[in-house]
Amino acid sequence: MGTAGTSADEIAGERRQLINVAYRLLGSLAESEDAVQEAYARWYALPRSRQDEIVSPGAWLTTVTGRICLDVLGSARARRERYVGAWLPDPLPDHTEWNHGHDTDPADQMVLDESVTMAFLVVLESMTPAERVAFVLHDVFRYPFAEIADILGRTPAACKQLAASARRRVRVARAPVTAAGQADTVRHVKEAWETKDIAALVDLLDPAAVMTADGGGMVGTVLRPIEGGARIAQYMVAIADKAPGLELLERSVNGVPGLVAHRAGAVMTVASFDVVDGRVTRIWAVRNPEKLRPWVRDG
């Protein structure tokens, strides 16, 4: 049967799922929104007779969104090579804490689970575009390989191999620590940072910890990752010395405990952490103002 009985509200109701798919594929809220908007534009450009022939508009929209994201991923590598400093995925606020009050805000429609943690998204960034599409759609959203094959223009068997290759990359990352355990460690980092206690920070950071910052060339930050717990601790204290009045808040970042730095009422940095055995192994600090827009309350 076709979609003769499908209402405009039902079509619009697919947007939440499409935003969730696109963000996991692209790691960018703005690019995800653009991809979904383009998919809807293509749907509404279809003649009504063609719309009525489509059995599942949701599946059609997902397929088109997937193809658009695949094209974006193909060009993103070249764009990110020109990006000033390290590129990190957009940090996601918890919509219950940082709701803009707009139903159309993509951040408000995101399902926050283990597939959007910064650690997981960074692993996704290491995949080829085809691997990422196959893995995200199959392993995260449970789409059959037959449908994924239609997006990638490959056989289902080839898509299965792509997902398996991506899965091997993911297995390298350990299972995330519990939210409660991470919250305790992040709180201790906050306290040590606020008191500029280098010794306490060093104790909380793994000796082989790595800190990566994303300023996008728009604000001052380190352009290369800082390696080593001691060096990171010294850098964090230097930041505190140069930014008097910096206020640190414990907030959910991509669904797990993180820190948000405020100064003079403005959001300066959103930091995500990876914690192993009570010590921080990775810090991802996003400072690019364009990526921090969802964190600013209306008014």
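As the structure is a prediction and not an experimental result, all values here were calculated from the model.
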Residues Phe135 and Ala163: closest non-hydrogen pair is CD1-O, 4.1 Å
- Item | Side-chain heavy atoms of Val280 within contact of Val189, under 4.5 Å | yes
(request) Look at the side chain of Arg287 and the backbone N and O of Gly220, then say whether any donor-acceptor pair between them is shorter than 3.5 Å. (result) yes
Between Leu152 and Cys159, the two heavy atoms sitting closest are CD1-SG, 3.8 Å
* Over 12 foreign heavy atoms within 6.0 Å of CZ, Arg279 -> yes
Side chain of Asn254, backbone of Val116: donor and acceptor closer than 3.5 Å? yes
>> Run the side chain to side chain contact (heavy atoms under 4.5 Å, CB included) test on Asp241 and Val237 for me, step by step, so that the C-alpha distance in whole Å, both residues' side-chain angles and the decisive distance to 0.1 Å come before the verdict.
In response: CA-CA 6 Å; Asp241 286 336; Val237 170; 3.9 Å; yes
| task | Indicate yes or no for a side-chain donor-acceptor contact from Glu131 to the backbone of Thr128 under 3.5 Å, with no hydrogens or angles considered. | result | yes
Measure from the side-chain N and O atoms of Ser165 to the backbone N and O of Leu162, and report whether any donor-acceptor pair falls under 3.5 Å. no
Charged N-O contact under 4.0 Å between Arg231 and Glu227
no
Electrostatic pair Arg167:Asp139 at N-O distance under 4.0 angstrom:
yes
- Give the intermediate values and the outcome of side chain to side chain contact (heavy atoms under 4.5 Å, CB included) for residues Thr269 and Leu292. CA-CA 8 Å; Thr269 305; Leu292 300 181; 5.9 Å; no
Q) Do Tyr40 side-chain atoms and Ala35 backbone N/O form a donor-acceptor pair below 3.5 Å? A) no
**Sidechain N-carboxylate O distance under 4.0 Å for Glu147, Arg142** = no
- request: Give a yes or no on whether Arg79 atom CZ has more than 12 heavy-atom contacts from other residues, nucleotides or ligands under 6.0 Å away.
  value: yes
**Report entry** Pair Arg67 + Asp150: basic N to acidic O under 4.0 Å
**Finding:** yes
- Query: So does Glu31 pair up with Arg80, basic N to acidic O under 4.0 Å?
  - Reply: yes
| message | Is it the case that the side chain of Asp274 and the backbone of Ala119 share a donor-acceptor pair, with hydrogens and angles ignored and the cut-off at 3.5 Å? | response | no
| query | Heavy-atom distance under 4.5 Å between the side chains of Val267 and His262, does that happen here? | reply | yes
Between the side chains of Tyr83 and Asp214, is a donor N or O closer than 3.5 angstrom to an acceptor N or O?
yes
Is it the case that the side chains of Tyr143 and Thr62 hold a donor-acceptor pair, with the cut-off being a distance below 3.5 Å and no angle test?
yes
Query raised in the report: Is it true that a side-chain atom of Trp284 and a backbone atom of Phe273 form a donor plus acceptor pair closer than 3.5 Å?
Result: no
Note: Ala213 and Leu88 closest approach over all heavy atoms is C-CD1, 4.4 Å
#### Entry: Validation row: Leu92, Leu29 side chains within 4.5 angstrom (heavy atoms)
yes
**OP:** Ignoring hydrogens and angles, tell me if any N or O in the side chain of Arg169 forms a donor-acceptor pair with the backbone of Ser126 under 3.5 Å.
**Re:** yes
(Q) Please determine whether side chain to side chain contact (heavy atoms under 4.5 Å, CB included) holds for the pair Met110 and Leu112, giving the CA-CA distance in whole Å, both sets of side-chain angles, and the decisive distance to 0.1 Å. (A) CA-CA 6 Å; Met110 203 66 62; Leu112 301 178; 4.2 Å; yes
Between the CD atom in Gln37 and the OG1 atom in Thr65, the distance rounded to the nearest 0.5 Å is 10.0 Å
- Look only at the side chain of Trp43 and the backbone of Pro57, and say whether a donor-acceptor pair between them is shorter than 3.5 Å. no
Using a 4.5 Å cut-off on heavy atoms from C-beta on, say whether the side chain of Glu247 contacts that of Arg263. no
Between Asp113 and Arg24, is the closest basic N to carboxylate O distance under 4.0 Å? yes
So CG of Leu259 and CH2 of Trp193: to nearest 0.5 Å the spacing works out to 7.0 Å
- Item | Charged N-O contact under 4.0 Å between Glu250 and Arg187 | yes
Is the His138 ring parallel, tilted or perpendicular to the Phe145 ring (thresholds 30°, 60°)? parallel
Would you please test Asp34 and Ile68 for side chain to side chain contact (heavy atoms under 4.5 Å, CB included) and show each step? CA-CA 9 Å; Asp34 289 345; Ile68 293 168; over 6 Å; no
May I ask you to decide if Leu25's main-chain N or O and Arg132's side chain share a donor-acceptor pair within less than 3.5 Å?
yes
Check your understanding: In terms of side-chain geometry, is the basic nitrogen of Lys190 or Glu194 positioned less than 4.0 Å from the acidic oxygen of its partner?
Key -> yes
